[in-house]
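Quick notes on the structure that follows.
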Amino acid sequence: MTYVDTSNISAQMFITVLLFLLVIAPLFSLAILRFFQAKRKSGFTLILAGVLTYVVFQASMLIFF
């Protein structure tokens, strides 16, 4: 059995990843729910918001970490 060494992760990086995951995952989850409710425009809007949030997350990780 192997263990992952997480001692090199800073607190700032951990908090940044946690906050973005708390935003990105619900956006995609709500988008899927909207598609099942046949609300396509709202679903596509939520997917677009999730993708844009992911791009902002990648940019912030590149700049700050």
* Quick one: do F28 and V51 satisfy side-chain contact (heavy atoms from CB on, under 4.5 Å)? Show the steps, please. => CA-CA 9 Å; F28 285 112; V51 169; 4.2 Å; yes

* Linking Ile, Leu, Val, Met, Phe, Trp and Tyr by side-chain heavy atoms under 4.5 Å, what else ends up with V23? -> L27, L30, L33, L46

Which atom pairs, one a donor and one an acceptor, fall under 3.5 Å between side chains of residues 54-65 and the rest of the protein, sequence neighbours left out?
unit_1, atom_1, unit_2, atom_2, d
Y54, OH, Q58, NE2, 3.0
S60, OG, V56, O, 3.4
S60, OG, F57, O, 2.8

* To do: Provide the full list of side chain to side chain donor-acceptor pair (under 3.5 Å) pairs with a residue in residues 9-29, sequence neighbours left out, each pair given once.
  => none

* **Shortest non-hydrogen contact between T45 and K41, atoms and distance** => OG1-O, 2.7 Å

* Asked: Does anything in residues 17-28 pair up under side chain to side chain donor-acceptor pair (under 3.5 Å), and if so which pairs, sequence neighbours excluded?
  -> none

* To do: Return the minimal non-hydrogen interatomic distance between A31 and G43, and the atom names on each side.
  => CB-O, 3.5 Å

Can I get a per-line list of side-chain donor-acceptor pairs under 3.5 Å for residues 1-8, giving both atom names and the distance, sequence neighbours left out?
unit_1, atom_1, unit_2, atom_2, d
D5, OD1, S7, N, 3.3
D5, OD1, S7, OG, 2.8
D5, OD2, S7, OG, 3.4

* To do: To the nearest 0.5 Å, tell me how far L18 CG sits from L22 CG.
  => 4.5 Å

* Which other residues belong to the hydrophobic cluster containing L48, where Ile, Leu, Val, Met, Phe, Trp and Tyr are joined when side-chain heavy atoms lie under 4.5 Å apart, directly or via other members? -> L52

